[in-house]
Amino acid sequence: MSYLSELNPKQIEAVKAVEGPVMVVAGPGSGKTRVLTYRIAHLIQIGVPAYRILALTFTNKAASEMKERIVKIVGEKSRQLWMGTFHSVFARILRVECELLGFGRNFTIYDTADSLGLIKNIMNSLGVPQQQYNPQAIRSRISGAKNQMIGPTEYAAQALDLFAEKTGRVYAEYDRRLRQHNAMDFDDLLLKPIELFQRHKKTLEKYRDLFRFVLIDEYQDTNRTQYVLIKTIAEKYRNICVVGDDAQSIYAFRGADIRNILDFQNDYSDLKTIRLEQNYRSTKTILAAADHLIKHNQDQISKSLWTENPEGETITLLSCDDDRDEGNRIVARVFDESRRLKIDLKDFAIMYRTNAQSRSLEDALRKNSIPYIIVGGIEFYQRKEVKDALAYLRIVVNPQDGESFLRIANYPVRGLGAASLERLQAFAAERNLSLLSAAGKANEIDGLSQRAKVSFLQLFDFFTKYEKLKREISLTELSRSMIEETGMLALLKDEATAESLERWQNVQELLSALSEFAAQRDDATLEAFLQDVSLVSAVDNLDPNRNAVTLMTLHSAKGLEYPVVFITGLEEGLLPLYNSSLDRKEIEEERRLFYVGITRAMTKLYLSTARMRFRYGETAYQSPSRFLEEIPDELTDELVVRTKRLFKTRADERSGKFAFDRGASEFSPKAAAFHSDPEPDYESDIDALELLKIGKLVEHSDFGQGKIIGLSGEGDSMKAVVDFDSVGRKNLMLKYARLKVL
DNA sequence: ATTAGGCGATTTTTT
DNA sequence: ATCGCCTAAT
């Protein structure tokens with residue numbers, strides 16, 4: 001077994017302990033993924049059929065990457081592994097088994113936005129005012145209840161206040177409607193399998209027997225339903241291996257339950273615990289900072305992380321004036337460090353607590369023509385036009401899907417407003433019909449205008465036609481012709497604004513994605529495509545080959561690593577983020593989130609704060625995060641900038657005045673050690689780059705004064721066309737030209 | 001009575 | 001950028 005030579009003794013132990021319950025407590029960067037990969041490869045190598053192994057990961061990307069590596073080690077037979085996120089694996093099982101629960105195999109998966117829409121609709125029909133009862137809050141309460149396996153009846157019985165009482169009523173109706181729509185929300189994908197296994201012992205036996213080996217990654221972020229689910233499944237063989245790190249538990253808001261770790265220890269008396277404490281990722285400095293920080297948490301399993309990696313550089317603090325300044329200074333550091341460390345843009349990650357923070361960072365990157373990719377944020381599949389197109393496709397697959405029907409009933413505009421849809425819904429409820437079939441009986445609905453009747457009937461015919469065509473033409477043809485016929489493409493094209501054309505593009509992109517999907521898989525169905533689309537996570541789309549700076553939330557950063565990491569917005573109220581209550585547990589989760597961020601960094605870590613920040617539509621004064629005090633001073637440096645730095649001119653260099661008179665990046669005394677590192681003769685010029693605009697007057701040391709009349713290129717290859725008073729037009733590489741802005 | 005379109009407020013983190 | 005509310009238009 002040659003691969004064992006690549007592992008340390010603890011890792012080998014974790015790979016080889018395949019029988020019985022095992023818990024691997026794996027610190028950040030301790031080679032956890034490697035252990036999981038080799039463990040599965042090892043299982044296959046000793047003769048376990050791949051299809052008898054269930055491996056649950058946190059993202060689909062992690063699953064497919066791991067699978068590829070396993071295929072490389074032990075060959076094609078490992079393709080049959082059951083591997084993916086909880087949600088995708090159990091969605092797959094439900095597709096086969098859900099008829100036992102009264103669902104059709106073509107059920108639709110509702111994402112958070114769909115489920116919120118349904119809840120709002122229900123609140124309207126139950127007469128629960130949305131002003132008094134926040135639909136979001138109701139949705140998250142229902143989701144919370146589901147994650148703890150509390151059903152609507154039980155929830156209503158426990159309701160103590162008015163809010164809970166209303167939530168209970170909405171919850172009951174919500175469940176009913178999901179069933180009517182033949183739809184499941186994210187929580188159902190975990191809850192329904194439990195129900196299935198409870199009610200159908202034969203099915204339970206089938207899966208218990210199938211999954212002889214069960215592995216779970218990121219165990220600290222599993223919730224109660226996930227815990228019950230795997231415990232149920234693994235009961236027969238008890239070959240269950242969980243891998244996780246309590247210090248990286250950051251999903252309590254989603255129902256992740258730390259009890260899952262403690263209970264696991266209680267559930268299995270013969271549990272073998274293996275600790276992976278050697279870190280292969282970060283410098284000693286970064287690891288020490290993380291360690292000091294996390295020691296401030298009371299709730300934790302104590303562990304002592306260590307590394308053979310070098311001491312490394314100190315962590316650099318950037319104290320910025322405001323969010324704009326923060327963006328600019330980070331961009332400047334990206335330029336400097338890419339030069340100094342000779343690394344690519346893809347080696348940089350900028351992290352933040354809230355998605356809203358990405359804006360000022362994006363502005364700075366865009367202005368300086370630095371390519372970047374943003375993880376999450378406004379996701380492709382969340383865009384209105386994409387969701388609209390998807391809704392049409394969803395209805396063809398599942399004609400009962402009322403939520404999708406309501407979404408597109410009046411898009412493109414067909415004269416079906418709120419009142420008409422209200423009538424349709426009432427009629428459908430009365431006769432126990434789906435909205436689509438009710439639309440087919442529009443003539444029987446009282447009080448509907450003639451126009452609305454015609455529209456409903458046309459809509460019904462439209463879907464009837466495509467339901468039929470579905471069996472006759474290819475996936476690609478069907479979707480293309482259908483979306484074409486809705487008229488939404490023409491509508492977007494005719495509008496001809498930059499925005500509408502972008503939307504048009506997005507719809508086209510969706511259709512291409514579908515074609516590609518159809519071409520790639522021989523078993524490709526519209527159902528499968530729609531399921532994939534519902535369950536993609538933000539990081540799944542991260543392309544490691546693109547050379548661009550990565551921007552993401554601290555949550556998305558879990559499991560990733562980068563040579564240089566910037567963690568931004570280290571301010572009270574932002575990290576830790578304040579909401580209504582901030583008790584110890586919440587602070588500790590925020591601290592873990594920061595911990596996750598720090599431990600993503602391999603060689604260099606930057607932490608930034610802004611004195612003022614634009615939030616909720618106004619500029620607020622911010623104070624530094626309490627977490628900064630928890631990192632020992634000797635591990636950090638402060639990079640001070642006095643004023644905006646301009647390009648040096650030769651004259652400045654000669655006089656040596658530049659650094660003091662005009663301000664520059666300058667290190668505080670304790671940063672001297674860092675500054676004395678061998679630095680390439682490269683200047684940090686980015687602050688000035690953003691000042692460079694067409695029309696600006698500039699000075700060149702040889703050509704004198706001139707005016708910028710054109711700018712092109714990006715990064716190091718950025719050029720400017722300058723009209724000089726003395727010599728006329730010149731095309732200059734900014735990197736060498738050393739222009740001074742006047 | 002309905003619907004269409006404009007304007008203003010609003011974002012914690014996510015499968 | 002999206003959602004909800006308001007007013008003008010049909």
Side-chain angles (χ1 to χ4, degrees), chain A residues 56-63 84-91 109-113 115-117 120 124 130-131 134-136 140 143 146-147 184-190 218 221-223 225-226 249-256 351-359 375-379 381-385 387 410-423 447-452 455 499 502-503 531-540 552-558 569 573-580 582 586 589-590 592-594 596-597 614-618:
Chain A
L56 298 163
T57 56
F58 197 70
T59 63
N60 289 307
K61 184 168 176 258
T85 61
F86 268 94
H87 291 85
S88 56
V89 165
F90 286 100
I109 299 170
Y110 280 180
D111 67 17
T112 310
S115 108
L116 184 65
K120 284 178 181 170
N124 278 343
Q130 294 185 31
Q131 288 81 354
N134 182 313
Q136 292 263 23
S140 83
S143 175
K146 283 186 160 191
N147 283 331
M184 298 193 198
D185 65 14
F186 285 143
D187 304 318
D188 286 337
L189 296 179
L190 309 174
E218 305 286 6
D221 285 322
T222 53
N223 63 31
T225 44
Q226 289 167 327
S249 161
I250 53 175
Y251 280 97
F253 74 92
R254 204 170 84 183
M351 300 173 189
Y352 36 79
R353 179 64 178 84
T354 66
N355 279 311
Q357 283 165 263
S358 74
R359 240 191 98 174
V375 177
I378 329 115
E379 279 176 60
Y381 289 111
Q382 298 290 331
R383 305 182 77 105
K384 188 189 172 296
E385 64 276 17
K387 288 211 80 168
N410 202 30
Y411 183 82
V413 178
R414 301 185 178 90
L416 297 174
S420 300
L421 290 172
E422 198 80 36
R423 292 226 164 80
L448 221 50
S449 72
Q450 197 53 39
R451 184 164 77 132
S455 288
E499 198 178 290
E502 197 192 323
R503 287 168 183 271
Q531 170 159 322
D532 267 25
V533 161
S534 325
L535 299 178
V536 288
S537 72
V539 277
D540 290 341
M552 66 185 133
T553 63
L554 288 163
H555 281 92
S556 307
K558 194 172 70 162
L574 202 54
L575 187 63
L577 186 79
Y578 290 175
N579 47 22
S580 50
L582 200 63
E586 285 171 306
E589 175 140 330
E590 296 289 311
R592 289 194 294 269
L593 198 50
F594 185 27
V596 166
F614 194 76
R615 277 185 88 192
Y616 304 115
E618 58 180 18

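Quick caveat: nothing in here was measured; it's all calculated off a predicted structure. Just so we're on the same page: letters track the sequence lines, and every chain starts at 1.
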Minimum-distance nucleotide to R451(A) side chain [options: dT13(B), dT15(B), dT3(B)]: dT3(B)
Most 5' of R423(A) and L190(A) on DNA chain B, judged by nearest nucleotide: R423(A)
Applying a 4.0 Å non-hydrogen cut-off, can you work out what A418(A) is touching in the nucleic acid: base, sugar-phosphate, or nothing? sugar-phosphate
Looking only at side-chain N and O atoms, does K120(A) come under 4.0 Å of OP1 or OP2 in dG4(C)? yes
Measure the distance from CZ on F253(A) to C1' on dT15(B) and round it to the nearest whole Å. 10 Å
What's the separation between atom CG in L575(A) and atom CD in E590(A), rounded to the nearest 0.5 Å? 6.0 Å
Taking only N and O in the side chain of N147(A), is any of them less than 4.0 Å away from OP1 or OP2 of dT15(B)? no
Which one, dT15(B), dC3(C), dT14(B), comes nearest to the side chain of T112(A)? dT15(B)
Kindly give the heavy-atom pair with the smallest separation between F58(A) and T85(A), and that separation in Å. O-CG2, 3.5 Å
Give the rounded distance in Å between these two atoms: CD of Q136(A) and P of dT14(B). 14 Å
Rounded distance in Å - CE (M552(A)) to P (dT13(B)): 15 Å
Would you mind reading off the distance between N223(A) atom CG and dT15(B) atom C1', rounded to a whole angstrom? 10 Å
So, is R592(A) near the phosphate of dT13(B), with a side-chain N or O under 4.0 Å from OP1 or OP2? no
Between E589(A) and E586(A), is there a side-chain heavy-atom distance shorter than 4.5 Å? no
CZ of R359(A) versus P of dT11(B): gap in Å, rounded? 16 Å
Strictly below 4.0 Å: does S420(A) bring a side-chain N or O up to OP1 or OP2 of dT3(B)? yes
Tell me the interatomic distance from N134(A), atom CG, to dA9(B), atom C1', rounded to whole angstroms. 14 Å
Starting at CD of E589(A) and ending at P of dT14(B), how long is that distance when rounded to a whole Å? 12 Å
From CD of E502(A) over to P of dA1(C), roughly how many Å is that when rounded to an integer? 8 Å
Which residues pass the salt bridge (Lys or Arg N to Asp or Glu O under 4.0 Å) test with E422(A), not counting sequence neighbours? none
Apply the side chain to side chain contact (heavy atoms under 4.5 Å, CB included) test between L593(A) and each candidate in M351(A), H555(A), K558(A); give the one that qualifies. H555(A)
T59(A) vs N410(A), nearer the 5' end of DNA chain B by closest nucleotide: N410(A)
Parallel under 30°, tilted from 30 to 60°, perpendicular over 60°: which one fits the rings of F253(A) and Y251(A)? tilted
Check whether any side-chain N or O of S556(A) sits under 4.0 Å from OP1 or OP2 of dT14(B), and answer yes or no. yes
Quick check for you: among dT13(B), dT15(B), dT2(B), whose closest atom lies nearest to any side-chain atom of A419(A)? dT2(B)
Please check this pair: side chain of N410(A) against backbone of L416(A), looking for a donor-acceptor N/O pair closer than 3.5 Å. yes
Of the listed nucleotides dA4(B), dT15(B), dT2(C), the one nearest the side chain of R254(A): dT15(B)
What is the nucleic acid contact for Y251(A), judged by heavy atoms within less than 4.0 Å: base, sugar-phosphate only, or nothing? sugar-phosphate
Under a 3.5 Å distance rule, please check whether R423(A) uses its side chain to pair with a backbone N or O of G447(A) as donor and acceptor. yes
B/S/- along nucleotides 5-10 of chain C (protein heavy atoms under 4.0 Å) is S-----
